[in-house]
Chemist: 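Just dropping this structure here.
Heavy atoms only: backbone and side chains are in, while hydrogens, waters and symmetry mates are out. Ligands are counted one by one from 1 in listed order, and the atoms in each one are counted from 1 as well.
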Amino acid sequence: MLRRNSHLLRRETKITRLARGIIGVLALMASHARAEPLTVAEIAPGVFVHSGPHEDLLHPNPGDIANIGFVVGADAVAVIDTGGSRQVGKALMQAVRARTALPIRYVILTHVHPDHIFGAAAFLEEKPQVIGHARLPAALAARGGHYRRNMERDLGLSAADLTVITPDRTVTATMEIDLGGRRLVLRAHPTAHTDNDLSVFDTATATLWTGDLLFRERVPVIDGSAKGWLKVMDELAAIKAARVVPGHGPVATDWPAALDPQRRYVTLVHDGVRAHIRARKNLDQAVKSVASEESGSWLLFDRYHARNVTAAFVEAEWD
Ligand SMILES: [Zn+2]
């Protein structure tokens, strides 16, 4: 009996090993299937942008929904946002390598959201400095595990594809980095889209990367402060940018006019929830009516608008 059991156990171990082997091969095939370089466009000399499609973070998209890219100087490369999984980060690295052999010295994360950060792990072999807002480490610590579990469930990715990389340098006000004849100015903003938004300005071409401080076409997500975001939009509008790379949507060349639709939306939400609170209406009533006229103007409106009104309502109640 004992011998039979140990025989069974051995057989089981063999089967388990075989299954693990098959899973390993499948995972390898899956990661190789995504290993082709990400499509990027050179929007200005040395400035490359991958435009994330307007989709939700759901299978089979492996976290490729945000605009991400890189800037190439005479000595080094800076990657700006990394995509929503190691696979997307790896494909972005292939896109860098298809254009230059220069070292990737910096990986800049514009904020905590999963579609921007989880690709960072793919760049670690290059030993870059990972840079983010001074409040990014705390935000990653608070939310990273939750994001990973959600993305494992929704995207069918493994924990190994979703490693949280904490910045080794942080920005409290501004910071300059030099890529060789090319300075990038990194600016840490007060709470707006999130409480850890960082923008990047390439002085050589006057290209402003806003991260998710600018949404175009896809409805903005208010995860920080509607009131704060309106102020930050004024700061951004004052920057003399020849072109702007938003977190989502097409690159803009009409700056600051390109801010107008987002400013209109956030203003309607900001003012609408306050009017409801003054009229002693409740959150449900606000969710139904505040800025509902914007419905036709934005993609994924139904997915995020109620959440935006809720966040702004709670913020306004404490205001
Ligand atoms: Zn975001």
Side-chain angles (χ1 to χ4, degrees), residues 49-58 61-69 79-85 88-89 92 107-120 131-144 146-148 150-151 154-155 162 164-165 167 171 186-200 208-226 228-230 232-233 236 244-252 259 261-263 265-266 269 298-301 303-312 315:
V49 178
H50 169 72
S51 302
H54 289 312
E55 291 173 9
D56 218 339
L57 276 175
L58 286 172
N61 183 324
D64 172 21
I65 63 165
N67 293 338
I68 59 180
V79 166
I80 303 171
D81 278 342
T82 59
S85 65
V88 180
L92 178 62
V107 170
I108 300 163
L109 302 176
T110 62
H111 65 293
V112 68
H113 284 155
D115 48 326
H116 300 257
I117 57 147
F118 276 122
I131 307 177
H133 190 290
R135 281 194 290 262
L136 179 61
L140 287 168
R143 292 184 174 191
H146 170 68
Y147 286 156
R148 199 194 65 226
N150 282 357
M151 307 240 321
D154 297 341
L155 275 63
L162 301 163
V164 173
I165 305 299
V171 186
L186 283 52
R187 190 179 306 271
H189 295 274
T191 303
H193 166 64
T194 67
D195 77 352
N196 53 91
D197 300 307
L198 191 74
S199 65
V200 182
L208 174 66
W209 297 66
T210 60
D212 283 0
L213 288 171
L214 176 63
F215 281 71
R216 304 187 73 208
E217 298 176 352
R218 181 189 176 109
V219 71
V221 171
I222 303 169
D223 188 23
S225 159
W229 203 348
L230 290 171
V232 168
M233 279 190 248
L236 293 172
V244 175
V245 183
H248 299 270
V251 171
L259 264 170
Q262 175 177 283
R263 198 198 301 268
Y265 174 78
V266 178
V269 172
W298 300 98
L299 297 168
L300 295 165
F301 186 86
R303 174 83 174 77
Y304 294 102
H305 177 67
R307 194 198 282 183
N308 285 338
V309 173
T310 305
E315 181 194 354

Chemist: Evaluate Val164 against Arg143 for side chain to side chain contact (heavy atoms under 4.5 Å, CB included), listing each step before the verdict.
Modeler: CA-CA 10 Å; Val164 173; Arg143 292 184 174 191; over 6 Å; no

Chemist: Strictly by modelled atom types, are Tyr304 and Asp56 linked by a side-chain donor-acceptor pair under 3.5 Å?
Modeler: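 Note: Tyr304 and Asp56 side chains meet the donor-acceptor criterion.
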
Chemist: Suppose the cut-off is 2.8 Å; how many protein N/O/S atoms fall inside it around the Zn ion (ligand 1)?
Modeler: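 There are 4 of them.
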
Chemist: What residues, two or more places apart in sequence or in another chain, satisfy side-chain contact (heavy atoms from CB on, under 4.5 Å) together with Ala192?
Modeler: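 Partners of Ala192 under the side-chain contact (heavy atoms from CB on, under 4.5 Å) test: Asp197, Leu213, Trp229, Val232.
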
Chemist: Does any N or O in the side chain of Thr191 come within less than 3.5 Å of the main-chain N or O of Asn196, such that one atom is a donor and the other an acceptor?
Modeler: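 No, because the side chain of Thr191 does not come within donor-acceptor range (under 3.5 Å) of the backbone of Asn196.
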
Chemist: Is any side-chain heavy atom of Ile117 closer than 4.5 Å to a side-chain heavy atom of Ile165?
Modeler: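 With C-beta onward as the side chain, the pair stays apart.
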
Chemist: Can Asp223 and His111 be counted as having a side-chain donor-acceptor contact under 3.5 angstrom?
Modeler: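 The criterion, which ignores hydrogens and geometry beyond distance, is not satisfied for His111 and Asp223.
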
